[in-house]
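Since the structure comes first, as structure tokens, the remarks are kept for the end.
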Amino acid sequence: MSVRFLADADLNQAILDGIRHHEPAVDFKTANEAGLEGLSDSEVLELAADEGRVLVSHDVSTMPVHFAARSRLGLKNPGVLLALQSAPMSEVIESLLIVWSASREAEWVGHLHYLPSLSR
């Protein structure tokens, strides 16, 4: 199955717009559609894991902490892609399109990477 994404509440709308412009077939659920407003990072990770979606966020300061805490507790972690706000938006969009087109969501479960480089 192709990767399905979940946008964290902090994700720049221009990234979503760019993905939809370049490849409308990408399943990218918005924070609004998922009802993420007001949820904690742990709750967002739980929702993404339950739905089998890769979470895309700009929250590089606290999301890795909550991701690691879930791992220590033995809880299922979704894939998490952290889009660096300093990175050119076009490169973040291109990275997401590569992830979507060249991998399956199961490959991302339990992995956290930074965009656009996909480094750990």
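Treat the numbers as computed from the prediction; the structure is a model and nothing was measured. Residue indices begin at 1 and follow the sequence shown.
- Tested against Val54, the residues Val80, Val99, Leu81 include a single side-chain contact (heavy atoms from CB on, under 4.5 Å) partner, Leu81.
- Residues satisfying the salt bridge (charged side-chain N to carboxylate O under 4.0 Å, His left out) test with Asp10, not counting sequence neighbours, are none.
- At least one side-chain heavy atom of Pro78 sits less than 4.5 Å from a side-chain heavy atom of Leu45.
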Do any side-chain atoms of residues 90-98 form donor-acceptor pairs under 3.5 angstrom with protein atoms, and if so which ones, sequence neighbours left out?
residue, atom, partner, partner atom, Å
Ser95, OG, Glu91, O, 3.0
Ser95, OG, Pro116, O, 2.8

Show the atom names and distances, to 0.1 Å, of all donor-acceptor pairs under 3.5 Å that link a side chain in residues 12-23 to residues at least two apart or in another chain.
residue, atom, partner, partner atom, Å
Asn12, OD1, Ala14, N, 2.8
Gln13, NE2, Asp17, OD1, 2.9
Arg20, NH2, Phe28, O, 2.8

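- Shown here is Asn32, whose CG atom has no more than 12 heavy atoms of other residues, nucleotides or ligands within 6.0 Å.
- The neighbour count for Glu33 CD, taken as heavy atoms of other residues, nucleotides or ligands under 6.0 Å away, is above 12.
- Put simply, CZ on Arg53 and CZ on Phe5 are 10.0 Å apart, with the number rounded to the nearest 0.5 Å.
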CA sep, side-chain torsions, deciding dist, call: His58, Leu11, side-chain contact (heavy atoms from CB on, under 4.5 Å): CA-CA 6 Å; His58 287 302; Leu11 190 67; 3.7 Å; yes
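- Taking CG from Leu82 and CG from Asp59, the interatomic distance works out to 7.5 Å, rounded to the nearest 0.5 Å.
- Taking CE from Met63 and CG from Asp8, the interatomic distance works out to 4.5 Å, rounded to the nearest 0.5 Å.
- Listed by first and then second residue, the side chain to side chain donor-acceptor pair (under 3.5 Å) pairs that reach into residues 97-108 are Arg4-Glu105, Ser103-Trp108, sequence neighbours excluded.
- Residue Pro64 comes nearest to Leu112 through the heavy atom pair CA-CD1, 3.9 Å, listed as atom of the first residue, atom of the second, then distance.
- Distance CG/Asp41 to OG1/Thr62: 4.0 Å, rounded to 0.5 Å.
- Within the structure, every pair that satisfies the side chain to side chain donor-acceptor pair (under 3.5 Å) test and touches residues 74-89, not counting sequence neighbours, is listed here: Arg70-Asn77, Ser71-Asn77.
- The other members of the hydrophobic cluster of Leu75, by chain and number, are Leu73 (side-chain heavy atoms under 4.5 Å, ILVMFWY only).
- In this structure the side chain of Phe67 never reaches within 4.5 angstrom of the side chain of Ser42, judged on heavy atoms.
- Distance alone, capped at 3.5 Å, places no donor-acceptor pair between the Glu51 side chain and the Ala48 backbone.
- Under the 4.5 Å side-chain heavy-atom criterion for ILVMFWY residues, a single connected hydrophobic cluster contains both Val60 and Leu36.
- Val56 and Val65 end up in different hydrophobic clusters when Ile, Leu, Val, Met, Phe, Trp and Tyr side chains are linked at under 4.5 Å.
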